[in-house]
Amino acid sequence: IDYFETHREQIPLLVIVYLLTIIWILYLILYHSRVQGIILSYILRRFYFKDATQIKFDSVSISFISGSIMFRNLHYTTGSYFVFVKDGCLVFRYWSKTKNKPLIRLKIKLYYLDILFFSPIRSNTVSDIINSTDDLQRGSINGISSKGDDTQSVNTLKNSEDGLFVKRLRSLFPAIEIKIEHGKISAGHDSLPYGLLIRFSTMTSTFTSMSPSRNLSEVDIMTLLYTLKYRNLRVYLHPIKGYKGELHEVPPPIPTSKAAESGKFQVFECLDGELEYEQDVPGKMIEQTENSEPLPDLIWEFRIKCLKEAKVAYGPWADRQREALWQYFLPTLFEESPVTPDALIGQTRIFKTVRFKLWLACQTTLDLYFMNKMKLHQLHAEIPAQNSYLDASFPWITSPDGFDTYLSMYVINPIVRTNLSFTPLFQADRVDMNLHIHYPRIWNSIQIWSIEITTSKAQVYFVFEHKNFLQALINDWASSVPPDIYSFVPYIYDMILQGDYVEILIPCNQGNWIDCANGNHAQQRTAENNYISICAKSFSLTYPLPFLEFCPKATPMDITIEVHDVLARLIIPESNRLYYILEGIDAHKRYYSPTGVKSQL
C-alpha cells in the first residue's frame, strides 16, 4: 500500500506492462506459430515454388533446443497431385555421433497423410513423351550435354559439385526414419466414376542409401533402399463424389465388415506386412574392352511381404474399372513407339525393367466375384501354406521388336471352391503359372500372350453346373464395352496346361450328387458321394486362341490333348470298394475346327 501511494503516477504504466505481457504470452502460445506459417508459406511460394505449385502451412513452430520443426495442415498442390498433412513433426538429432551402422539422425512423424493423383502420367502422343523424358534418359539432368566442349566442361564441373553436395548430405543423414499414422493414397478424377484408394493405419519406414551392391562402385553412384512395415493395409475401388456422368453399372454387392465401406470394392487387405523398395542411382556409361563382360542391368524393385491374413478380391467389374483408370492415367499411344537408344560412353545409364514381387507368408484367400442374372457368384480360393509368391517384370524401354512383360505365380496347396450347392472345384499340391506378353511397337499389331500352367497332384471336381458357372464368368468378363474397330487390337492366346498325377472326379449318384452342406470341410460334405475317377500320370493341353479379325463369325480352334497312363475307376465310399474301368491307356488326340462348330477326333 505504501508503494502504491508513493508511486501513484506509475500505476497506469505498470498495468499497461502487465497487459502487454499477458497479450505477448497469449500471442506466443496461440498465434505465433500461425504467423510463422503464413510468412513461411509466402516465402516458399515467392522464391522457391513457382508456376502452378502452391504450398500452405496453417502453423509452423521451430524449437532449436530439441531440434524439431512442427507444422499443421500442410497443403501442397501441383498440376498432377495434391498432398495434405494434418500434423507433422521433423526431429533433427544433431547431437548424435556417427557409428558403423546407418544412423537415424532425422525422424519424420506425420499424422493423417492424404495424397491424391488426378492428372494423367503421360500424354497420348509419342512426341510429347519424347520431349518430356529425353533429358532424363539421355542424362542431361546430371550434367551431360553434347552442345560443345565448353558447355561439357561447365556441366562436368557442376556435376562434380552436386556429387560432393550429395555425398555430404548422405554423411549428415545416413538414414531417415518416417512414421505415418492414418494415411491414404488415392488416384482418380471427376471424369471417372470410380477411383483407386489405398488406406493404412500405421506405417514405420526407414530410408537409407548405400554403395551399389551388384554393380561396380565406379559405375553407379549409389543404391536407394526404402523399407517399411505397415498395418491394416487396404486397397479399394471407391466411388468419386464429383462424378456427374451416368453410372452404367454398380459394384457387386459384396458383404463388408464395416457399414462405412458400403459402395466400395475391396481389392486387397493385409493386417500386417513389410515392403522394400530398392533402386540404383545410375552413373555414366564407361568404355569396355572386347573381352569384358557386359555391365549388369540397373536394379529397380518393389518387394511386398504379407505376414498376417491377406485377402485379394477381383472380378470382371473390378477389371473394367482398372481399364478405365489405366486409359486415363496411361492412355494408349496410337502411334509407333520409338526404339530406346542405348546409352553412349559418358551418358547416364538407363533402366530397362522394373520388377515387382509379392510374397504370401501367411494364410491367403482369393475371391473372384461376378454377376449372372442379377445374382452374385463367387470363386473362392484358399492358400493355407506359406511361401507362395507372385513375380512380375515390366519393361521400361522399347526394343526394335517391341517390349515384353513377364509374370510368374507359384502357389502351394491351393483349394478352390464355388458358391454352388456342390462347392469343391479344384485342389493341388502346387500350381506354377508363367505369363509372357509380347507387345509390338505398332499399337494395333498382333499381340502374343503365352500362358503356361503346370500343376502337381491336382484333383478336379466336375459337374455339369460348373460349365454354366464358368460360361457366366466368361460372359460377364467379355461384356465390358461394345466392339470398336478404331481401338481393335489383334492378339493370340497361346495356352498350355500340363500336370503330373492329375485326377478328375465326377459324381455319379442318382441326382448327380448328395447335398451335405452342413459339413465343416469339403471332404465331409462329399464323403458319401460316388465318383468316377479318371487319373493320369501326365496330362498336357495345348489350346491356342487366335483373335485376329474384328467381330468374326467363327473362331478356329486347334486343341491338342496328351495323356499317359490313364486309369479310370468307380469309387463307392459306402462299400469301401474300387471298380477299375480302364488302366494303362495312353492317348493323343487333336481337336481342330476351322469354324469353331464341327470337329473330328
Side-chain angles (χ1 to χ4, degrees), residues 120-127 129-130 248 314-340 353 370 392-409 433-453 470-498 540-561 590-599:
I121 298 176
R122 72 181 182 192
S123 175
N124 57 358
T125 59
V126 177
S127 57
I129 297 176
I130 294 176
H248 297 284
Y314 205 65
W317 180 88
D319 189 73
R320 288 191 280 271
Q321 309 312 316
R322 177 206 60 80
E323 180 67 20
L325 288 170
W326 185 276
Q327 290 298 328
Y328 176 79
F329 287 98
L330 293 169
T332 303
L333 300 177
F334 297 99
E335 301 178 20
E336 183 177 359
S337 300
V339 178
T340 305
T353 58
F370 63 96
S393 177
F394 302 99
W396 205 248
I397 62 172
T398 303
S399 58
D401 59 342
F403 45 91
D404 300 89
T405 298
Y406 297 91
L407 187 145
S408 62
M409 187 174 184
M433 186 186 73
N434 294 310
L435 173 63
H436 174 210
I437 308 174
H438 174 73
Y439 298 95
R441 291 172 53 194
I442 301 177
W443 68 275
N444 58 354
S445 296
I446 299 177
Q447 299 180 5
I448 300 177
W449 293 53
S450 300
I451 305 172
E452 182 178 356
I453 302 176
L470 297 177
Q471 185 64 42
L473 172 61
I474 296 174
N475 292 338
D476 192 5
W477 216 301
S479 62
S480 56
V481 292
D484 183 13
I485 193 171
Y486 293 103
S487 60
F488 171 72
V489 177
Y491 55 91
I492 299 176
Y493 285 147
D494 191 3
M495 294 183 291
I496 299 176
L497 177 62
Q498 54 188 3
S540 177
L541 170 65
T542 304
Y543 188 19
L545 280 175
F547 296 95
L548 305 178
E549 300 179 5
F550 177 75
C551 292
K553 296 182 179 179
T555 300
M557 303 171 61
D558 190 357
I559 304 176
T560 302
I561 302 175
R590 183 181 180 186
Y591 173 95
Y592 176 74
S593 173
T595 61
V597 179
K598 298 181 180 180
S599 65

Discussion item. Would H436 and I448 count as a side chain to side chain contact (heavy atoms under 4.5 Å, CB included) here? Give the steps.
Written reply: CA-CA 8 Å; H436 174 210; I448 300 177; over 6 Å; no
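- Within the structure, the salt bridge (charged side-chain N to carboxylate O under 4.0 Å, His left out) test picks out the following pairs touching residues 439-450 (sequence neighbours left out): E336-R441.
- In this view, Y314 satisfies the ring-ring contact (aromatic ring centres under 6.0 Å, His included) rule with no residue, not counting sequence neighbours.
- Scanning all heavy atoms of the two residues, the minimum distance from P440 to F403 falls at O-CE2, 4.4 Å.
- In plain terms, the two heavy atoms of D558 and P544 that are nearest each other are O-CD, 3.0 Å.
- Although no hydrogens or angles enter the test, the distance criterion places a donor-acceptor pair under 3.5 Å between the side chain of H438 and the main chain of D401.
- Each of I559, T560, I453 was evaluated against L541; a single residue qualifies, I559, per the side-chain contact (heavy atoms from CB on, under 4.5 Å) test.
- Applying the salt bridge (charged side-chain N to carboxylate O under 4.0 Å, His left out) test to D319 and every residue at least two apart in sequence or in another chain returns R322.
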Worksheet entry | Test log, rule side chain to side chain contact (heavy atoms under 4.5 Å, CB included), inputs I437 and D404 | CA-CA 6 Å; I437 308 174; D404 300 89; over 6 Å; no
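- Partners of Y543 according to the ring-ring contact (aromatic ring centres under 6.0 Å, His included) rule, which considers only residues two or more places apart in sequence or in another chain, do not exist here.
- Applying the side-chain contact (heavy atoms from CB on, under 4.5 Å) criterion to F394, with sequence neighbours excluded, gives V354, F356, A392, T405.
- Among all heavy-atom pairs drawn from T398 and S337, the shortest one is CG2-CB, 4.2 Å.
- Residues meeting the ring-ring contact (aromatic ring centres under 6.0 Å, His included) test with F370, sequence neighbours left out: H377, F469.
- By the 6.0 Å contact criterion, CD on Q471 is enclosed, its count of non-hydrogen atoms from other residues, nucleotides or ligands being greater than 12.
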